[in-house]
Number of protein chains: 2
Amino acid sequence: MSLVRVHNFAVSLDGFGTGEGQSLESPFGHAGGRLHEWFFPTRTFRAMQGNDGGSTGVDNAMAQTWDAGIGAEIMGRNKFGPQRGPWEDHDWTGWWGPNPPFHTPVYVRTHHPRPSVRMEGGTTFHFVDGTPEEVLRQARDGAGGLDVRIGGGPSTVRDFLAADLVDHLHVVVVPILLGRGVRLWDRLEALEERFDVESVSTPAGVTHVTFTRR
Amino acid sequence: MSLVRVHNFAVSLDGFGTGEGQSLESPFGHAGGRLHEWFFPTRTFRAMQGNDGGSTGVDNAMAQTWDAGIGAEIMGRNKFGPQRGPWEDHDWTGWWGPNPPFHTPVYVRTHHPRPSVRMEGGTTFHFVDGTPEEVLRQARDGAGGLDVRIGGGPSTVRDFLAADLVDHLHVVVVPILLGRGVRLWDRLEALEERFDVESVSTPAGVTHVTFTRR
(Lines give C-alpha, C1' and ligand atoms only; values in the text may rest on other atoms or scores of the structure.)
Protein backbone atom coordinates (compact mmCIF):
# COMPACT_ATOMS: atom_id res chain seq x y z
CA MET A 1 0.00 0.00 0.00
CA SER A 2 1.39 3.39 -1.02
CA LEU A 3 1.42 5.73 1.98
CA VAL A 4 1.25 9.52 2.10
CA ARG A 5 3.97 10.96 4.32
CA VAL A 6 5.08 14.34 5.68
CA HIS A 7 8.63 14.65 7.01
CA ASN A 8 10.75 17.28 8.74
CA PHE A 9 7.99 19.84 8.73
CA ALA A 10 9.02 22.53 11.19
CA VAL A 11 6.59 24.83 12.98
CA SER A 12 7.09 27.46 15.62
CA LEU A 13 5.64 26.94 19.09
CA ASP A 14 2.77 29.18 17.99
CA GLY A 15 2.15 26.96 14.99
CA PHE A 16 3.54 28.85 12.01
CA GLY A 17 5.16 26.79 9.25
CA THR A 18 6.57 29.86 7.58
CA GLY A 19 6.93 33.50 8.50
CA GLU A 20 5.41 36.55 6.88
CA GLY A 21 6.98 38.26 3.88
CA GLN A 22 8.22 35.33 1.81
CA SER A 23 10.44 36.42 -1.08
CA LEU A 24 13.30 35.32 -3.26
CA GLU A 25 15.73 36.48 -0.59
CA SER A 26 13.68 35.09 2.33
CA PRO A 27 11.89 31.89 1.39
CA PHE A 28 10.55 31.59 4.95
CA GLY A 29 9.88 35.31 5.38
CA HIS A 30 10.77 36.84 8.72
CA ALA A 31 11.37 33.34 10.14
CA GLY A 32 14.67 33.31 8.26
CA GLY A 33 16.51 30.08 9.04
CA ARG A 34 15.20 29.78 12.57
CA LEU A 35 12.75 26.96 11.87
CA HIS A 36 15.55 24.81 10.51
CA GLU A 37 18.52 25.37 12.78
CA TRP A 38 17.97 21.87 14.19
CA PHE A 39 18.21 20.49 10.64
CA PHE A 40 21.26 22.24 9.19
CA PRO A 41 23.88 20.37 11.31
CA THR A 42 22.46 16.92 10.49
CA ARG A 43 24.26 14.51 8.19
CA THR A 44 21.03 14.26 6.20
CA PHE A 45 20.88 17.97 5.41
CA ARG A 46 24.59 18.18 4.69
CA ALA A 47 24.33 15.27 2.25
CA MET A 48 21.41 17.01 0.48
CA GLN A 49 23.80 19.94 -0.05
CA GLY A 50 26.53 17.64 -1.33
CA ASN A 51 28.61 17.94 1.84
CA ASP A 52 30.19 15.31 4.09
CA GLY A 53 29.92 15.07 7.84
CA GLY A 54 27.18 16.25 10.14
CA SER A 55 25.48 15.05 13.28
CA THR A 56 24.24 11.49 13.56
CA GLY A 57 22.00 11.67 16.64
CA VAL A 58 18.26 11.60 16.99
CA ASP A 59 17.61 14.76 14.94
CA ASN A 60 19.44 13.15 12.06
CA ALA A 61 17.70 9.81 12.61
CA MET A 62 14.35 11.54 12.29
CA ALA A 63 15.48 13.70 9.37
CA GLN A 64 16.88 10.87 7.31
CA THR A 65 13.57 8.97 7.13
CA TRP A 66 12.36 11.55 4.62
CA ASP A 67 13.30 9.77 1.38
CA ALA A 68 13.33 6.00 1.83
CA GLY A 69 10.45 4.46 -0.10
CA ILE A 70 9.30 7.74 -1.62
CA GLY A 71 8.33 7.67 -5.32
CA ALA A 72 6.95 11.20 -5.74
CA GLU A 73 6.55 14.49 -3.91
CA ILE A 74 3.65 16.92 -3.91
CA MET A 75 4.49 20.50 -3.02
CA GLY A 76 2.62 23.76 -3.01
CA ARG A 77 3.43 26.42 -5.52
CA ASN A 78 4.82 28.62 -2.72
CA LYS A 79 7.39 25.98 -1.81
CA PHE A 80 8.52 25.79 -5.44
CA GLY A 81 9.29 29.46 -5.68
CA PRO A 82 8.46 33.04 -4.78
CA GLN A 83 6.31 33.85 -7.84
CA ARG A 84 2.58 34.32 -7.30
CA GLY A 85 -0.17 34.43 -9.92
CA PRO A 86 0.45 33.52 -13.59
CA TRP A 87 4.02 32.35 -14.29
CA GLU A 88 6.07 35.20 -15.65
CA ASP A 89 9.57 33.77 -15.23
CA HIS A 90 9.63 30.38 -16.94
CA ASP A 91 13.35 30.15 -16.29
CA TRP A 92 12.67 29.63 -12.58
CA THR A 93 13.12 25.93 -11.81
CA GLY A 94 13.00 25.95 -8.03
CA TRP A 95 15.39 26.83 -5.23
CA TRP A 96 17.46 23.70 -5.52
CA GLY A 97 19.80 24.21 -8.50
CA PRO A 98 20.17 21.92 -11.53
CA ASN A 99 20.09 18.67 -9.50
CA PRO A 100 17.33 18.96 -6.87
CA PRO A 101 17.42 16.56 -3.91
CA PHE A 102 14.11 14.87 -4.77
CA HIS A 103 15.19 12.49 -7.58
CA THR A 104 11.53 11.62 -8.28
CA PRO A 105 8.59 13.28 -10.02
CA VAL A 106 7.47 16.33 -8.08
CA TYR A 107 3.88 17.58 -8.46
CA VAL A 108 3.65 21.31 -7.89
CA ARG A 109 0.08 22.20 -7.03
CA THR A 110 -0.88 25.46 -8.73
CA HIS A 111 -3.84 27.12 -10.40
CA HIS A 112 -1.46 28.09 -13.23
CA PRO A 113 -0.27 24.97 -15.07
CA ARG A 114 2.84 25.15 -17.25
CA PRO A 115 4.93 22.56 -19.11
CA SER A 116 6.81 20.02 -17.02
CA VAL A 117 10.46 20.73 -16.28
CA ARG A 118 12.95 17.90 -16.31
CA MET A 119 15.98 18.40 -14.08
CA GLU A 120 19.18 16.41 -13.54
CA GLY A 121 19.18 13.44 -11.20
CA GLY A 122 15.65 12.17 -11.83
CA THR A 123 13.61 15.12 -10.61
CA THR A 124 10.84 16.29 -12.95
CA PHE A 125 8.53 19.10 -11.88
CA HIS A 126 4.93 18.70 -13.02
CA PHE A 127 2.51 21.59 -12.54
CA VAL A 128 -0.96 20.43 -11.68
CA ASP A 129 -4.26 21.91 -10.59
CA GLY A 130 -6.87 20.00 -8.62
CA THR A 131 -8.18 18.89 -5.28
CA PRO A 132 -5.83 17.08 -2.91
CA GLU A 133 -7.46 13.81 -3.99
CA GLU A 134 -6.91 14.56 -7.69
CA VAL A 135 -3.31 15.65 -7.25
CA LEU A 136 -2.58 12.62 -5.08
CA ARG A 137 -3.98 10.35 -7.77
CA GLN A 138 -1.54 11.82 -10.30
CA ALA A 139 1.35 11.58 -7.85
CA ARG A 140 0.56 7.95 -7.11
CA ASP A 141 0.56 7.25 -10.84
CA GLY A 142 4.03 8.77 -10.98
CA ALA A 143 5.32 7.06 -7.83
CA GLY A 144 5.47 3.56 -9.24
CA GLY A 145 3.84 1.97 -6.22
CA LEU A 146 6.05 3.78 -3.74
CA ASP A 147 4.96 6.31 -1.11
CA VAL A 148 4.10 9.94 -1.81
CA ARG A 149 5.60 12.73 0.28
CA ILE A 150 3.75 15.97 0.91
CA GLY A 151 6.63 18.42 0.92
CA GLY A 152 4.92 21.58 2.15
CA GLY A 153 4.42 24.44 2.67
CA PRO A 154 1.99 24.72 5.54
CA SER A 155 -1.12 25.37 3.43
CA THR A 156 -0.41 22.29 1.33
CA VAL A 157 0.23 20.03 4.32
CA ARG A 158 -2.90 21.38 5.98
CA ASP A 159 -5.01 20.76 2.87
CA PHE A 160 -3.93 17.13 2.72
CA LEU A 161 -4.46 16.65 6.47
CA ALA A 162 -7.91 18.24 6.26
CA ALA A 163 -8.78 15.86 3.41
CA ASP A 164 -7.65 12.96 5.64
CA LEU A 165 -5.11 11.77 3.09
CA VAL A 166 -1.98 11.67 5.29
CA ASP A 167 -0.72 8.44 6.87
CA HIS A 168 2.45 9.70 8.55
CA LEU A 169 3.07 13.24 9.78
CA HIS A 170 6.38 14.28 11.30
CA VAL A 171 6.32 17.80 12.72
CA VAL A 172 9.25 19.48 14.42
CA VAL A 173 8.14 22.01 17.03
CA VAL A 174 10.75 24.75 17.36
CA PRO A 175 10.46 26.77 20.58
CA ILE A 176 10.28 30.20 18.96
CA LEU A 177 7.26 32.46 18.57
CA LEU A 178 6.91 33.79 15.05
CA GLY A 179 3.67 35.65 15.78
CA ARG A 180 2.70 35.87 12.10
CA GLY A 181 2.95 33.86 8.92
CA VAL A 182 1.09 30.78 7.72
CA ARG A 183 -0.29 28.41 10.35
CA LEU A 184 -0.15 24.66 9.96
CA TRP A 185 -2.84 23.69 12.44
CA ASP A 186 -5.91 25.72 11.48
CA ARG A 187 -9.14 23.78 10.92
CA LEU A 188 -7.69 20.46 12.10
CA GLU A 189 -9.64 19.92 15.31
CA ALA A 190 -9.34 16.39 16.73
CA LEU A 191 -6.78 15.33 14.12
CA GLU A 192 -5.08 13.25 16.81
CA GLU A 193 -8.04 10.89 17.08
CA ARG A 194 -7.05 9.20 13.82
CA PHE A 195 -3.39 8.79 14.77
CA ASP A 196 -1.01 7.44 17.35
CA VAL A 197 1.02 10.43 18.49
CA GLU A 198 4.54 10.41 19.91
CA SER A 199 6.59 13.38 21.15
CA VAL A 200 10.36 13.37 21.64
CA SER A 201 12.45 16.38 22.61
CA THR A 202 16.09 16.44 21.59
CA PRO A 203 19.21 18.24 22.82
CA ALA A 204 18.77 20.68 19.91
CA GLY A 205 15.79 22.02 21.85
CA VAL A 206 13.13 20.95 19.37
CA THR A 207 10.38 18.37 19.80
CA HIS A 208 9.66 15.80 17.13
CA VAL A 209 5.94 15.02 17.07
CA THR A 210 5.01 12.00 14.98
CA PHE A 211 1.47 11.16 13.93
CA THR A 212 1.09 7.57 12.67
CA ARG A 213 -2.28 6.60 11.27
CA ARG A 214 -4.02 4.00 13.43
CA MET B 1 13.72 39.59 44.42
CA SER B 2 10.09 38.52 44.04
CA LEU B 3 9.61 36.65 40.76
CA VAL B 4 6.51 36.26 38.63
CA ARG B 5 5.89 32.64 37.70
CA VAL B 6 3.53 30.57 35.58
CA HIS B 7 3.29 26.84 36.27
CA ASN B 8 1.54 23.83 34.78
CA PHE B 9 -0.13 25.85 32.08
CA ALA B 10 -1.37 23.36 29.49
CA VAL B 11 -1.95 24.20 25.85
CA SER B 12 -2.95 22.07 22.90
CA LEU B 13 -0.51 21.56 20.04
CA ASP B 14 -2.43 24.28 18.20
CA GLY B 15 -1.94 26.63 21.13
CA PHE B 16 -5.29 26.78 22.90
CA GLY B 17 -5.23 27.09 26.69
CA THR B 18 -8.93 26.38 26.96
CA GLY B 19 -11.60 25.14 24.62
CA GLU B 20 -14.72 26.87 23.38
CA GLY B 21 -17.96 26.89 25.37
CA GLN B 22 -16.74 27.28 28.95
CA SER B 23 -19.51 26.77 31.49
CA LEU B 24 -20.20 25.62 35.01
CA GLU B 25 -20.29 22.04 33.76
CA SER B 26 -17.28 22.43 31.45
CA PRO B 27 -14.70 24.85 32.86
CA PHE B 28 -12.44 24.16 29.87
CA GLY B 29 -15.24 24.04 27.31
CA HIS B 30 -15.02 21.36 24.64
CA ALA B 31 -11.46 20.56 25.79
CA GLY B 32 -12.97 18.74 28.77
CA GLY B 33 -10.19 17.19 30.83
CA ARG B 34 -7.94 16.50 27.87
CA LEU B 35 -5.45 19.29 28.59
CA HIS B 36 -4.83 17.89 32.07
CA GLU B 37 -4.70 14.13 31.68
CA TRP B 38 -0.93 14.32 32.25
CA PHE B 39 -1.58 16.13 35.55
CA PHE B 40 -4.35 14.07 37.16
CA PRO B 41 -2.19 11.01 37.98
CA THR B 42 0.57 13.04 39.63
CA ARG B 43 1.12 13.03 43.38
CA THR B 44 0.92 16.83 43.26
CA PHE B 45 -2.57 16.90 41.82
CA ARG B 46 -3.78 14.10 44.08
CA ALA B 47 -2.49 15.96 47.13
CA MET B 48 -4.33 19.11 45.98
CA GLN B 49 -7.50 17.01 46.02
CA GLY B 50 -6.70 15.65 49.46
CA ASN B 51 -5.74 12.22 48.16
CA ASP B 52 -2.69 10.03 48.78
CA GLY B 53 -0.54 8.35 46.17
CA GLY B 54 0.11 9.32 42.60
CA SER B 55 3.02 9.28 40.19
CA THR B 56 6.40 10.64 41.23
CA GLY B 57 8.19 10.91 37.88
CA VAL B 58 9.10 13.90 35.77
CA ASP B 59 5.53 15.12 35.24
CA ASN B 60 5.12 15.27 38.99
CA ALA B 61 8.52 16.87 39.47
CA MET B 62 7.51 19.66 37.11
CA ALA B 63 4.03 19.94 38.57
CA GLN B 64 5.12 20.21 42.19
CA THR B 65 7.23 23.31 41.62
CA TRP B 66 4.02 25.32 41.41
CA ASP B 67 3.73 26.41 45.05
CA ALA B 68 7.14 26.63 46.73
CA GLY B 69 7.99 30.25 47.42
CA ILE B 70 4.67 31.61 46.18
CA GLY B 71 3.05 34.34 48.28
CA ALA B 72 0.12 35.31 46.06
CA GLU B 73 -1.68 34.28 42.88
CA ILE B 74 -3.20 36.42 40.15
CA MET B 75 -5.94 34.82 38.11
CA GLY B 76 -8.36 35.98 35.48
CA ARG B 77 -12.00 36.25 36.24
CA ASN B 78 -12.74 33.36 33.85
CA LYS B 79 -10.50 31.05 35.88
CA PHE B 80 -12.36 32.01 39.05
CA GLY B 81 -15.74 31.00 37.72
CA PRO B 82 -18.15 30.79 34.81
CA GLN B 83 -19.99 34.09 35.45
CA ARG B 84 -19.46 36.89 32.95
CA GLY B 85 -20.33 40.58 33.33
CA PRO B 86 -21.54 42.04 36.67
CA TRP B 87 -21.53 39.54 39.52
CA GLU B 88 -25.02 38.14 40.01
CA ASP B 89 -24.24 35.16 42.22
CA HIS B 90 -22.23 36.41 45.20
CA ASP B 91 -22.37 32.96 46.74
CA TRP B 92 -19.94 31.68 44.08
CA THR B 93 -16.52 31.39 45.71
CA GLY B 94 -14.63 29.52 43.02
CA TRP B 95 -14.40 25.92 41.82
CA TRP B 96 -12.28 24.71 44.70
CA GLY B 97 -14.62 24.22 47.67
CA PRO B 98 -14.27 25.77 51.13
CA ASN B 99 -10.50 25.20 51.37
CA PRO B 100 -8.91 26.12 48.01
CA PRO B 101 -5.42 24.82 47.26
CA PHE B 102 -3.82 28.28 47.07
CA HIS B 103 -3.40 29.13 50.80
CA THR B 104 -2.36 32.69 49.89
CA PRO B 105 -4.10 35.86 48.78
CA VAL B 106 -5.52 35.42 45.27
CA TYR B 107 -6.09 38.49 43.10
CA VAL B 108 -8.93 37.93 40.65
CA ARG B 109 -8.60 40.40 37.79
CA THR B 110 -12.03 41.69 36.79
CA HIS B 111 -13.74 44.85 35.61
CA HIS B 112 -16.40 44.16 38.26
CA PRO B 113 -14.91 44.49 41.76
CA ARG B 114 -16.74 42.98 44.73
CA PRO B 115 -15.86 42.49 48.41
CA SER B 116 -13.02 40.15 49.23
CA VAL B 117 -13.90 36.58 50.16
CA ARG B 118 -11.99 34.85 52.91
CA MET B 119 -11.82 31.06 52.62
CA GLU B 120 -10.46 28.34 54.90
CA GLY B 121 -6.76 27.50 54.81
CA GLY B 122 -5.37 30.96 54.14
CA THR B 123 -6.87 31.69 50.74
CA THR B 124 -8.52 35.10 50.36
CA PHE B 125 -9.96 36.16 47.02
CA HIS B 126 -9.54 39.85 46.22
CA PHE B 127 -11.29 41.29 43.17
CA VAL B 128 -9.24 43.93 41.43
CA ASP B 129 -9.35 45.96 38.23
CA GLY B 130 -6.27 47.38 36.56
CA THR B 131 -3.42 46.90 34.14
CA PRO B 132 -1.13 43.91 34.64
CA GLU B 133 1.40 46.26 36.27
CA GLU B 134 -1.20 47.60 38.71
CA VAL B 135 -2.55 44.20 39.65
CA LEU B 136 0.97 42.85 40.08
CA ARG B 137 1.78 45.71 42.44
CA GLN B 138 -1.17 44.76 44.63
CA ALA B 139 -0.27 41.08 44.50
CA ARG B 140 3.32 41.82 45.48
CA ASP B 141 2.03 43.84 48.43
CA GLY B 142 0.05 40.78 49.48
CA ALA B 143 2.83 38.28 48.82
CA GLY B 144 5.08 39.33 51.71
CA GLY B 145 8.22 39.34 49.64
CA LEU B 146 7.54 35.96 48.07
CA ASP B 147 6.92 35.20 44.39
CA VAL B 148 3.66 35.83 42.56
CA ARG B 149 2.08 33.13 40.41
CA ILE B 150 -0.01 33.97 37.36
CA GLY B 151 -2.59 31.20 37.54
CA GLY B 152 -4.35 31.61 34.20
CA GLY B 153 -6.43 31.42 32.09
CA PRO B 154 -4.76 31.95 28.74
CA SER B 155 -5.80 35.60 28.30
CA THR B 156 -4.39 36.48 31.71
CA VAL B 157 -1.08 34.67 31.14
CA ARG B 158 -0.82 36.29 27.71
CA ASP B 159 -1.47 39.76 29.12
CA PHE B 160 1.33 39.39 31.66
CA LEU B 161 3.71 37.95 29.04
CA ALA B 162 2.89 40.77 26.63
CA ALA B 163 3.65 43.28 29.42
CA ASP B 164 7.01 41.52 29.92
CA LEU B 165 6.26 40.85 33.59
CA VAL B 166 6.87 37.08 33.69
CA ASP B 167 10.17 35.59 34.90
CA HIS B 168 9.36 31.88 34.69
CA LEU B 169 6.88 30.28 32.30
CA HIS B 170 6.15 26.57 32.37
CA VAL B 171 3.90 25.45 29.53
CA VAL B 172 2.80 21.87 28.95
CA VAL B 173 2.17 21.14 25.27
CA VAL B 174 -0.46 18.42 24.94
CA PRO B 175 -0.50 16.73 21.51
CA ILE B 176 -4.16 17.30 20.76
CA LEU B 177 -5.72 19.77 18.33
CA LEU B 178 -8.56 21.73 19.91
CA GLY B 179 -9.17 23.86 16.83
CA ARG B 180 -11.03 26.56 18.79
CA GLY B 181 -10.99 28.24 22.15
CA VAL B 182 -8.63 30.83 23.63
CA ARG B 183 -5.06 30.93 22.33
CA LEU B 184 -2.10 31.48 24.64
CA TRP B 185 0.46 32.59 22.07
CA ASP B 186 -1.17 35.43 20.15
CA ARG B 187 0.77 38.68 19.93
CA LEU B 188 3.91 37.27 21.55
CA GLU B 189 6.35 37.34 18.64
CA ALA B 190 9.98 36.77 19.63
CA LEU B 191 9.10 36.10 23.27
CA GLU B 192 11.89 33.51 23.36
CA GLU B 193 14.58 36.18 22.90
CA ARG B 194 14.18 37.24 26.52
CA PHE B 195 14.33 33.69 27.92
CA ASP B 196 16.34 30.52 28.03
CA VAL B 197 14.01 27.84 26.71
CA GLU B 198 14.08 24.14 27.50
CA SER B 199 11.82 21.39 26.13
CA VAL B 200 11.39 17.95 27.69
CA SER B 201 8.94 15.30 26.51
CA THR B 202 7.71 12.74 29.00
CA PRO B 203 6.25 9.25 28.78
CA ALA B 204 2.81 10.81 29.33
CA GLY B 205 3.18 12.16 25.79
CA VAL B 206 3.33 15.83 26.71
CA THR B 207 6.23 18.25 26.37
CA HIS B 208 7.19 20.57 29.20
CA VAL B 209 8.50 23.84 27.77
CA THR B 210 10.18 26.09 30.32
CA PHE B 211 11.02 29.74 29.71
CA THR B 212 13.50 31.17 32.26
CA ARG B 213 14.22 34.87 32.05
CA ARG B 214 17.82 35.57 31.01
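In what follows, chains carry the letters A, B, and so on, assigned in the order in which the sequence lines appear, proteins first and then strands, with residues in each chain numbered from 1. Owing to the predicted nature of the structure, the values given are computational and were not obtained by experimental measurement. The analysis underlying the following values was restricted to heavy atoms, covering all of them including side chains, and did not include hydrogens, waters or symmetry mates.
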Interchain contact, [X] with chain B, by part (heavy-atom threshold 4.5 Å):
X      : result
A:T207 : side chain
A:L13  : both
A:L178 : backbone
A:V171 : neither
A:F195 : neither

Taking [options] one by one, which has the highest count of heavy-atom pairs under 4.5 Å against chain A?
options                       : answer
B:G15, B:G179, B:S12, B:G205  : B:G179
B:V209, B:V200, B:T202        : B:V200
B:R187, B:H30, B:E198, B:R180 : B:R180

Closest heavy-atom pair, A:L177 versus B:E192, reported as atoms and distance to 0.1 Å, is N-OE1, 2.9 Å

Considering non-hydrogen atoms only, spot the tightest contact between A:S201 and B:S199 and give its length.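 For A:S201 versus B:S199, the nearest heavy atoms are CB-O, 3.4 Å.
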
Measure the spacing between CD of B:E189 and CD of A:E20 and express it to the nearest 0.5 Å. 8.5 Å

Looking at [X], I'd like to know if its [atom1] atom is crowded, meaning that more than 12 non-hydrogen atoms belonging to other residues, nucleotides or ligands lie closer than 6.0 Å.
X     : atom1 : value
B:N51 : CG    : yes
B:D89 : CG    : yes
B:E88 : CD    : no

Toward chain A, the part of B:V11 with a non-hydrogen atom under 4.5 Å: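 B:V11 has no heavy atom closer than 4.5 Å to chain A.
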
Does the salt bridge (Lys or Arg N to Asp or Glu O under 4.0 Å) test come out yes or no for B:R183 and A:D186, once each step is laid out? CA-CA 12 Å; B:R183 290 184 195 275; A:D186 279 354; 3.5 Å; yes

